[in-house]
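The next block holds one structure in the form of structure tokens; read it before the comments.
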Amino acid sequence: MELIQNTADLSAYLAADDVIDHHHPLVRETAARLAKGVVDSYAYARAAFEFVRDTIPHSQDSGDLRVTWRASDVLERRTGICYAKAHALAALLRAEGIPTAFCYQKFDEVHGLVAVRFDGAWHRQDPRGNKPGVDAQFSLDGERLAFTPDPEFDELDYPVLYAEPHPVVLSVLKAAPDRPHLWKTLPAAL
């Protein structure tokens, strides 16, 4: 699948905003801690990915009812669904100058992940969190995502790489008072 940037301006994939608040002190502190001892940006990207995947539980897996959407809140509260974890990873990567996009897959509902740009190409990564049957790994050598869409079940990979989280995704996250409500309002398609 060919990934398509929704903007040609690569600097848009480094931007901070209210959601991807990589200027926030907690994001900066976390990025600095992860950057210590790594040899290059590839190693940093892997460390940031593994940090988000492994130390911030997916709220559905852990039973946490809180809904997070801002990167710094995900890091502070240590919880989030796939979208929120993607926001946290993007903030950590962008804090260290690594262009990061948001991308999505369609299953029963839309699943969120990120893509990182290295060596002139985009590489999708899924920080959702592993569990039995899910083994997502950081890889620049072929995808190792949490899920693979099955076209027979109307599942698909959306090819667009967004510089900002998709507005439909963001609106349902912001409107949800808790995860059970969020689960009823997750988008089925983009």
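When a residue number appears, it is its place in the shown sequence, counting from 1.
- Legend: residues meeting side chain to side chain donor-acceptor pair (under 3.5 Å) with R179, ordered by chain and number and at least two apart, are Q60.
- Looking at residues two or more places apart in sequence or on another chain, you find a side-chain contact (heavy atoms from CB on, under 4.5 Å) between E29 and P25, L26.
- Other members of the cluster containing V39 do not exist, because no ILVMFWY side chain is joined to it at under 4.5 Å.
- Residues forming a side-chain contact (heavy atoms from CB on, under 4.5 Å) with R46 (at least two apart in sequence, or on another chain): E50, F138.
- In the hydrophobic clustering, L145 connects to L113, either directly or through intervening members, whenever side-chain heavy atoms lie under 4.5 Å apart.
- Here Q105 pairs with D157 under the side chain to side chain donor-acceptor pair (under 3.5 Å) rule; sequence neighbours left out.
- Scored by the side chain to side chain donor-acceptor pair (under 3.5 Å) test, D40 finds no partners at all (sequence neighbours excluded).
- The side-chain contact (heavy atoms from CB on, under 4.5 Å) check on V19 picks up D17, W69, H87, P165, L170, with sequence neighbours excluded.
- For A84, the side-chain contact (heavy atoms from CB on, under 4.5 Å) partners two or more places apart in sequence, or in a different chain, are T68, V74.
- With sequence neighbours excluded, the residues that form a ring pair (Phe, Tyr, Trp, His ring centres under 6.0 Å) with H166 are Y162.
- The side chain to side chain donor-acceptor pair (under 3.5 Å) check on D119 picks up Y42, with sequence neighbours excluded.
- Hydrophobic side-chain contacts under 4.5 Å tie F147 into a cluster, directly or through other members, with F107, V134.
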